[in-house]
Amino acid sequence: MKQEEYFKKLTAHAKEYGFVFQSSEIYDGLSAVYDYGQNGVELKNNIRNYWWKAMVQLQENIVGIDAAIFMHPTIWKASGHVDAFNDPLIDNKDSKKRYRADVLVEDYLAKIEDKINKEVERARKRFGESFDEQQFVTTNARVLEYTAQSKEIRNRLYAGMDANDMVSIKELIEDLGIVCPVSGTRNWTDVRQFNLMFSTKMGSVSEGASELYLRPETAQGIFVNYLNVQKTARMKIPFGIAQTGKAFRNEIVARQFIFRMREFEQMEMQFFVRPGEELKWFAYWKEERMKWHLSMGIPPEKFRFHDHEKLSHYANAATDIEFEFPFGFKELEGIHSRTDFDLEAHQKFSGKKLHYFDAELNQSYIPYVVETSIGLDRMFLAVLSYAYREEKLADGSERVVLMIPPMLAPVKAAILPLVAKDGLPEKAREIMDTLKYDFNCQYEEKDSIGRRYRRQDAIGTPYCITVDHQSLEDNTVTIRDRDSMNQERITIDKLTMAIAQKIRPQRI
RNA sequence: GCGGGCAUAGCUCAGUGGUAGAGCAUCAGCUUCCCAAGCUGAGGGCCGUGGGUUCGAACCCCAUUGCCCGCUCCA
């Protein structure tokens, strides 16, 4: 099956079986926002719980928090989001290419720099040994002209950027006669500002209300709480703080179903370490996180690392764990060595000392941070796109099955009376009433048994328990495995143990 | 944001100017039963939305919204 077709079928299946719905569908939908349905919410909760178990409950030196989505607006100045996420963009109408307007101007400036350098080199050749570069660049008429030009452009650019004056940046591009590198034309659209953060107002009256942002990442809630947690939990470095929660980004282009949404959920852990030891811990978490992914039984060839060469302003090492989605290998999780950038910035902006006293070293310092950050919705999509299968069976019939790892499956077991009479439903209800306290179960008596098996296959239920006439005689039932479709007969009192064992996570 | 494609029942789709259809699904009753489609009956659509052309529009035109693909962007 072609990948594109596969992805279409996957999204149709996700809707048809109550995993993912378009947000506000009856009002024509809301772009790049999705809702999770009755089965989707179970799968999502299971993924989140498994992550929490692995990253918090199984870790002696990691604790969790749940910070609010609203935070003090200065936090986003400190983190760099206010500045770094305001990109002025411009399109060339002929080539249909989009550029960052400030980058176009910067490129133009670079050309002027080149010209200056060429003048200098030419002069160096001409004057030989006696060449005084300093004197040349401060006296040569042509160089002075270039320098003045460059300075003026810079002034205009930075003034425009600081004032968020998009019109002046467009004028600057037009005045400079900058052409599109692809089409070579000056046929530009207006410069538009794309704000990656959603803003809102706090305060019931609009006058005097202060502008807030919906957080674009959960990490900052951890950083601003790091000393609270460290002190109240008596944490010693190295230690971690984990958090799951919603984040919001006003993506320019949001696409590919739930892969890139405007409202999404992150699962992050910030690990605080001694300065100088961050790369060791970066390597450690890189391996640990990959082990977590592989512990669910999805084959290793579906995953790969992608090390970043171009690093962002705060990181000194970064890698992605990529997953092979139906539309190719894409980022699923990021592991970053964030240095002391964030804590240093918060110390500066808040004026509060954010040092940690290390008793072993007898000194205090701002810890370095290694971050693991995974998109819950992306993990959901990864599991779903791995799980979706269309199988041809030996008898020539077909079935659609979601081979979701059993511990993540929305429904763990379906309890099915073979026929809806002869006392079988009553017996099945008894079993249901026992199992439902331990597992999410479904009871179904409508339609033929084969059809009920297929319905459960379609939502990924790993086990079907069938009550037949023999059950009434000897208290045994059959338990059917979703993937192999094989059945074995076991006594009813062993069911809880048998299922619990099958859905327990492996050692990570 | 640009270009292209798509939008008809819960799902998959047929229907190209003259009274909205099929299969599956759903619901009720009967029947059978260990791997999807037995019988009978029923419900469900102002054909994405808003305009226009026409005696008449699901169908032609314009706009708009959403989805998909490509470009672009992506700590």
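Basis for what follows: all heavy atoms, side chains included, without hydrogens, waters or symmetry-related copies. Here the structure is a predicted model, which means the values were calculated and not measured. Chain identifiers are assigned alphabetically (A, B, ...) following the order of the sequence lines, protein sequences preceding nucleic acid strands; residue numbering begins at 1 within each chain.
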Q: Give the nucleotide from the list C34(B), C27(B), C35(B) with an atom nearest to the side chain of Met485(A).
A: C35(B)
Q: Looking only at side-chain atoms of Gln256(A), point me to the closest of C34(B), C69(B), C27(B).
A: C69(B)
Q: If I pick the P atom on A57(B) and the same atom on G17(B), what distance separates them, to the nearest angstrom?
A: 14 Å
Q: If I pick the C1' atom on U8(B) and the same atom on A20(B), what distance separates them, to the nearest angstrom?
A: 9 Å
Q: Is any side-chain nitrogen or oxygen of Thr11(A) closer than 4.0 Å to OP1 or OP2 of C68(B)?
A: no
Q: Which listed nucleotide (C35(B), G66(B), C68(B)) is nearest to the side chain of Tyr34(A)?
A: C68(B)
Q: How far, in whole Å, is C60(B) from C6(B) if one measures between their P atoms?
A: 11 Å
Q: Are there any protein N/O atoms within less than 3.5 Å of an N/O atom in nucleotides 23-25 of chain B, and if so, which ones and at what distance?
A:
{"from": "A25(B)", "atom 1": "OP1", "to": "Arg451(A)", "atom 2": "NH1", "distance (Å)": "2.3"}
{"from": "A25(B)", "atom 1": "OP1", "to": "Arg451(A)", "atom 2": "NH2", "distance (Å)": "3.2"}

Q: What distance, rounded to whole Å, do you find between the two C1' atoms, one in C61(B) and one in U53(B)?
A: 7 Å
Q: Any base atoms under 4.0 Å from Glu217(A), or only sugar-phosphate, or nothing? Heavy atoms, all strands.
A: base
Q: With sequence neighbours left out, write down each residue that passes salt bridge (Lys or Arg N to Asp or Glu O under 4.0 Å) with Glu263(A), or none if nothing qualifies.
A: Lys246(A)
Q: Across all strands shown, which nucleotide pairs with C39(B) by Watson-Crick or G-U wobble geometry, both distances under 3.5 Å?
A: G29(B)
Q: Report the nucleotide, chosen from C33(B), C69(B), U12(B), that has the shortest atom-to-atom distance to any side-chain atom of Ala12(A).
A: U12(B)
Q: Give the rounded distance in Å between these two atoms: CD of Gln470(A) and C1' of C33(B).
A: 16 Å
Q: Below 3.5 Å between N/O atoms, which protein atoms pair up with nucleotides 39-50 of chain B? Just atom names and distances, please.
A:
{"from": "G48(B)", "atom 1": "O2'", "to": "Asp28(A)", "atom 2": "OD1", "distance (Å)": "3.4"}

Q: Using the P atom on both, measure A14(B) against C33(B) and round to a whole Å.
A: 40 Å
Q: Out of G10(B), C68(B), C34(B), which has the shortest distance to the side chain of Lys15(A)?
A: G10(B)
Q: Let's see if you can work this out: which of C67(B), C68(B), C34(B) has an atom nearest to the side-chain heavy atoms of Ser31(A)?
A: C67(B)
Q: For A7(B), give its Watson-Crick or G-U wobble partner with both distances under 3.5 Å, or none.
A: U65(B)
Q: Can you check side chain to side chain contact (heavy atoms under 4.5 Å, CB included) on Tyr36(A) and Asp377(A), steps first, answer last?
A: CA-CA 10 Å; Tyr36(A) 288 88; Asp377(A) 311 275; 2.6 Å; yes
Q: Answer yes or no: side-chain N or O of Gln487(A) and base N or O of C34(B) forming a donor-acceptor pair under 3.5 Å.
A: yes
Q: Give me the distance, rounded to whole Å, that separates A28(B) from G43(B) when you measure between the P atoms they each carry.
A: 15 Å
Q: Taking atom P in both C34(B) and C27(B), what distance in whole Å separates the two?
A: 23 Å
Q: Please give the distance between the P atoms of C11(B) and U49(B) as a whole number of Å.
A: 15 Å
Q: Side chains of Arg249(A) and Phe264(A): closer than 4.5 Å at any heavy-atom pair?
A: yes
Q: Among C27(B), C34(B), C69(B), which is the nearest nucleotide to the side chain of Phe7(A)?
A: C69(B)
Q: In terms of side-chain heavy atoms of Arg454(A), which of A36(B), C34(B), C27(B) is nearest?
A: A36(B)
Q: Name every donor-acceptor pair, under 3.5 Å, that has one atom in a side chain of residues 323-336 of chain A and the other anywhere in the protein, sequence neighbours excluded.
A:
{"from": "Glu333(A)", "atom 1": "OE1", "to": "Arg289(A)", "atom 2": "NE", "distance (Å)": "3.4"}
{"from": "Glu333(A)", "atom 1": "OE1", "to": "Arg289(A)", "atom 2": "NH2", "distance (Å)": "3.2"}
{"from": "Glu333(A)", "atom 1": "OE1", "to": "His293(A)", "atom 2": "NE2", "distance (Å)": "2.8"}
{"from": "Glu333(A)", "atom 1": "OE2", "to": "Arg289(A)", "atom 2": "NE", "distance (Å)": "2.6"}
{"from": "His336(A)", "atom 1": "ND1", "to": "Glu371(A)", "atom 2": "OE2", "distance (Å)": "3.0"}

Q: Regarding Lys421(A), tell me which of base, sugar-phosphate or nothing describes its non-hydrogen contacts under 4.0 Å with the strands shown.
A: sugar-phosphate
Q: Is the Phe248(A) ring parallel, tilted or perpendicular to the Phe198(A) ring (thresholds 30°, 60°)?
A: perpendicular
Q: Show every salt bridge (charged side-chain N to carboxylate O under 4.0 Å, His left out) that has at least one partner inside residues 415-433 of chain A, sequence neighbours left out.
A: Asp433(A)-Lys436(A)
Q: Is the base of C34(B) touched by the side chain of Arg480(A) through a donor-acceptor pair closer than 3.5 angstrom?
A: no
Q: Mind checking what makes salt bridge (Lys or Arg N to Asp or Glu O under 4.0 Å) contact with Lys446(A), not counting sequence neighbours?
A: none
Q: What contact category does Gln22(A) fall into here, base, sugar-phosphate, or nothing, at under 4.0 angstrom with non-hydrogen atoms?
A: sugar-phosphate
Q: Scan Asp457(A) against the nucleic acid and name what it touches under 4.0 Å (heavy atoms): base, sugar-phosphate only, or nothing.
A: nothing
Q: Give none if C2(B) has no partner; otherwise give the nucleotide forming a Watson-Crick or G-U wobble pair with it, both distances under 3.5 Å.
A: G70(B)
Q: Could you say whether His336(A) or Ala420(A) is positioned toward the 5' end of RNA chain B, judged by the nucleotide with the nearest heavy atom to each?
A: Ala420(A)
Q: Counting only Watson-Crick or G-U wobble pairs whose two distances fall under 3.5 Å, which nucleotide matches C60(B)?
A: G52(B)
Q: Going through the checks in order, is the side chain to side chain donor-acceptor pair (under 3.5 Å) test met by Gln266(A) and Glu217(A)?
A: CA-CA 7 Å; Gln266(A) 293 184 306; Glu217(A) 65 174 21; 5.6 Å; no
